[in-house]
Amino acid sequence: MSSTPYETLPGGPGDAAGVTSDGAAWLASAGTYPRSTLALWEERPDAPVVLPCGTVFDVVNAPALFGRRMLDRLWDEGPGSGPVAVYRGRMLLFAAPGTAARLPSLLGWEEWGGRGRAVPPLLCHGTGDAVTVPAPGAAPCTAPAGARWMVAPDTRHPWLPGPEILLWAAVRAARSTVRISIFPPADQDAKVYDVSRRR
């Protein structure tokens with residue numbers, strides 16, 4: 001695995017205790033009963049919880065490989081990312097509230113999203129949705145279904161990318177996987193004649 005900047009941040013790969021107490025407080029603030037969530041994590045630091053989206057954060061849920069490419073673009077060429085988790089084979093990119101409502105229309109307008117397009121379907125969770133977040137203290141090797149933090153929350157006010165930045169990252173990630181040719185595809189049913197022997 002190549003070294004990328006986010007691997008050295010708290011919560012990066014190999015850092016089992018990346019979520020700080022401030023980061024846990026930020027996550028818990030999304031729920032209806034933040035103190036209960038924090039009490040649960042004090043008692044069971046390896047317990048994932050379901051938190052609502054839309055007020056504190058939205059979540060863009062991408063297939064793991066494509067999400068990793070987006071994350072690479074954000075850190076290699078862009079402004080970095082907010083918290084990022086992996087859960088059940090999907091990458092959860094925490095985003096600014098409102099992103100879930102705006103990003104799908106931006107992808108459609110740019111003609112990058114949808115069936116047959118270069119960007120795979122991204123699930124956008126916003127107001128009215130909820131996501132399961134990995135436990136703050138779960139070691140990646142023992143977390144259920146591979147739930148772990150790639151970039152752990154470490155402050156009460158983390159920077160969260162908006163829809164335009166995530167659009168940029170998705171398009172960059174898609175371009176890295178799409179082969180572009182200036183030649184039209186060959187017609188498979190066309191008759192081919194050998195003209196090299198003609199006089």
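Since this is a predicted model, take the numbers as computed values, not measurements.
A donor-acceptor distance shorter than 3.5 angstrom exists from the side chain of Trp41 to the backbone of Ala47, with no hydrogens or angles considered. Arg90 places a side-chain N or O within 3.5 Å of a backbone atom of Asn61 that can act as its donor or acceptor partner. In this structure, the side chain of Asp58 engages the main chain of Gly98 through a donor-acceptor pair within 3.5 Å.
Scored by the side chain to side chain contact (heavy atoms under 4.5 Å, CB included) test, Asp129 finds His125 as partners (sequence neighbours excluded). Among residues two or more places apart in sequence or in another chain, the side chain to side chain contact (heavy atoms under 4.5 Å, CB included) test is passed with Thr132 by Pro48, Val50, Tyr87.
Just one residue in the list Leu65, Val84, Leu166 forms a side chain to side chain contact (heavy atoms under 4.5 Å, CB included) with Met70, and that residue is Leu166. Exactly one residue among Val151, Leu74, Val59, Thr99 makes a side chain to side chain contact (heavy atoms under 4.5 Å, CB included) with Leu93. That residue is Leu74.
At least one side-chain heavy atom of Phe66 sits under 4.5 Å from a side-chain heavy atom of Val119. With a 4.5 Å cut-off on side-chain heavy atoms, Asp22 and Asp154 do not count as touching.
When all heavy atoms of Trp149 and Pro83 are compared, the pair lying nearest together is CZ3-CB, 4.0 Å.
Follow the hydrophobic side-chain contacts under 4.5 Å out from Trp26 and you reach Leu38 in the same cluster. Under the 4.5 Å side-chain heavy-atom criterion for Ile, Leu, Val, Met, Phe, Trp and Tyr, Val171 and Trp168 are members of the same hydrophobic cluster.
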